[in-house]
Amino acid sequence: MTHNKVGLGTFPLSSVFNPITPNEAEKLVRKFIDEGGCYIDTAPLYGNGEIEKILGKVFKSVPREKFYLITKTVKHVDEYGQLFKSGKYEDVVKQIDNSLSRLGLDYVDCLMVHSPDKDVPIEETLRAMEKLQNDGKVKELAVSNVNLNELMEYNKTGKIRYVENSFSMINHSISSELEEYLLNNKISLIPYHLLEIGLLTGIAFENFKLSETDLRNKVPYWNQENQKVIFEWVRNSLAPIAKKLGITIGQLNIAWALQQPFIDFIIVGTTKPKYLEINLKANDIELSKETLSEIDEAYNVLEQKIKSDYGKSIREFRGLNEKFY
Ligand SMILES: NC(=O)c1ccc[n+]([C@@H]2O[C@H](COP(=O)([O-])OP(=O)(O)OC[C@H]3O[C@@H](n4cnc5c(N)ncnc54)[C@H](OP(=O)(O)O)[C@@H]3O)[C@@H](O)[C@H]2O)c1
């Protein structure tokens with residue numbers, strides 16, 4: 001059976017962007033699974049363990065084979081709700097039990113390094129993850145926020161199945177070397193921030209203002225100048241392509257990502273049931289070669305504009321660095 005390739009990212013369920021109650025979050029996850037969604041990405045960090053607990057409530061009444069659950073390691077939340085970072089063998093081995101207990105599961109489908117612990121050898125973290133795999137507590141292994149060298153080190157024993165890095169129509173973070181490595185090693189990219197936390201959606205048409213508590217206030221590429229330039233680009237270059245196809249701008253972005261050869265499935269976060277429905281439907285959209293070329297042309301337009309107005313590359317303009325691969 002092939003699963004819907006539009007997964008659910010659960011970071012926004014902790015009200016970091018738009019507000020959502022735990023009850024609404026639980027309903028949203030239930031709706032996601034009821035409507036055929038399968039892949040769910042979470043982490044102990046999200047709401048300091050609270051999102052894993054909400055997922056656990058939903059999973060109680062869902063057959064295990066209906067969902068594929070990714071949670072993370074190295075950024076841990078202990079049994080007292082305390083957050084700490086450690087890639088040490090004993091911490092990785094011990095903390096999975098706290099995640100499993102919050103999730104109410106015997107195993108997770110995928111355990112992912114949230115981001116490397118630079119103070120601990122990669123080999124040590126990997127050894128712990130392989131033990132958990134051998135013990136049956138995790139099925140597949142993954143890493144996040146890594147460059148090619150780090151990925152190669154994590155994949156020394158050939159066990160890494162996924163890499164989760166930020167990637168979008170305006171964040172071409174995958175170099176040709178990394179792409180080749182992914183394809184040669186049957187590792188798939190799980191892109192995060194595919195919708196650029198809302199920048200690449202219909203909100204470009206709204207009189208949009210972030211609330212004071214919204215985490216996007218602290219994201220470099222959500223500053224006023226970036227919003228202005230990207231929203232204008234979405235309105236003038238991307239929206240007409242989506243309109244012609246009768247789909248939303250968000251769906252265009254999702255469908256585009258799903259057609260990349262190094263992507264098996266994607267994750268998108270939302271706090272709104274109607275967006276969930278729209279996003280899941282993007283699974284069935286296939287973009288023609290002509291549309292893909294139009295998207296490439298649109299990207300070139302943005303690149304040229306930023307170069308002529310600011311004398312910078314898109315990456316420089318958006319303040320992307322090692323942290324935002
Ligand atoms: N590995 C890592 O270090 C890492 C880092 C960041 C994120 N992640 C994972 O990646 C997931 C995705 O990232 P993200 O959730 O931060 O950002 P995202 O998927 O790029 O965008 C989510 C935002 O877009 C809006 N949105 C979603 N669907 C929409 C639609 N159809 N129309 C209009 N707006 C829409 C949502 O707003 P509403 O609130 O209005 O729905 C939400 O705030 C996270 O949830 C998390 O699981 C991983």
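Counting starts at 1 for both ligands and their atoms, in listed order. What you see below is based on every heavy atom in this structure, not just the backbone, and it leaves out hydrogens, waters and symmetry mates. In this text the structure is predicted, and so the values were computed from the model without any measurement.
Looking at residues two or more places apart in sequence or on another chain, you find a side-chain contact (heavy atoms from CB on, under 4.5 Å) between Lys281 and Gln251.
Checking Asn171 against Ser166 by side-chain atom types alone, a donor-acceptor pair falls below 3.5 Å. Side-chain contact annotation: Lys85 with Ser115, donor-acceptor N/O pair under 3.5 Å present.
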Would you be so kind as to tabulate the donor-acceptor pairs closer than 3.5 Å made by side chains of residues 30-37, with sequence neighbours excluded?
unit_1 : atom_1 : unit_2 : atom_2 : d
Arg30  : NH1    : Ser61  : OG     : 3.0
Arg30  : NH2    : Glu26  : OE2    : 3.0
Lys31  : NZ     : Glu35  : OE2    : 2.9
Lys31  : NZ     : Glu277 : OE2    : 2.6

Mind listing the side-chain donor-acceptor pairs of residues 154-163 below 3.5 Å, one per line with the distance, residues two or more places apart or on another chain?
unit_1 : atom_1 : unit_2 : atom_2 : d
Asn155 : OD1    : Lys159 : N      : 3.3
Asn155 : OD1    : Ile160 : N      : 3.0
Asn155 : ND2    : Tyr181 : OH     : 3.1
Thr157 : OG1    : Glu130 : OE2    : 2.4
Arg161 : NH1    : Lys186 : O      : 3.3
Arg161 : NH2    : Asp264 : OD2    : 2.8

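For ligand 1, the protein residues placed under 4.0 Å by at least one non-hydrogen atom are Gly9, Thr10, Phe11, Pro12, Phe17, Asn18, Asp41, Tyr46, Lys72, His114, Ser144, Asn145, Glu164, Tyr192, His193, Leu194, Leu195, Glu196, Ile197, Gly198, Thr201, Ile267, Val268, Gly269, Thr270, Thr271, Lys272, Tyr275, Asn279.
In terms of modelled atom types and a separation under 3.5 Å, the side chain of His3 and the main chain of Tyr39 share no donor-acceptor contact.
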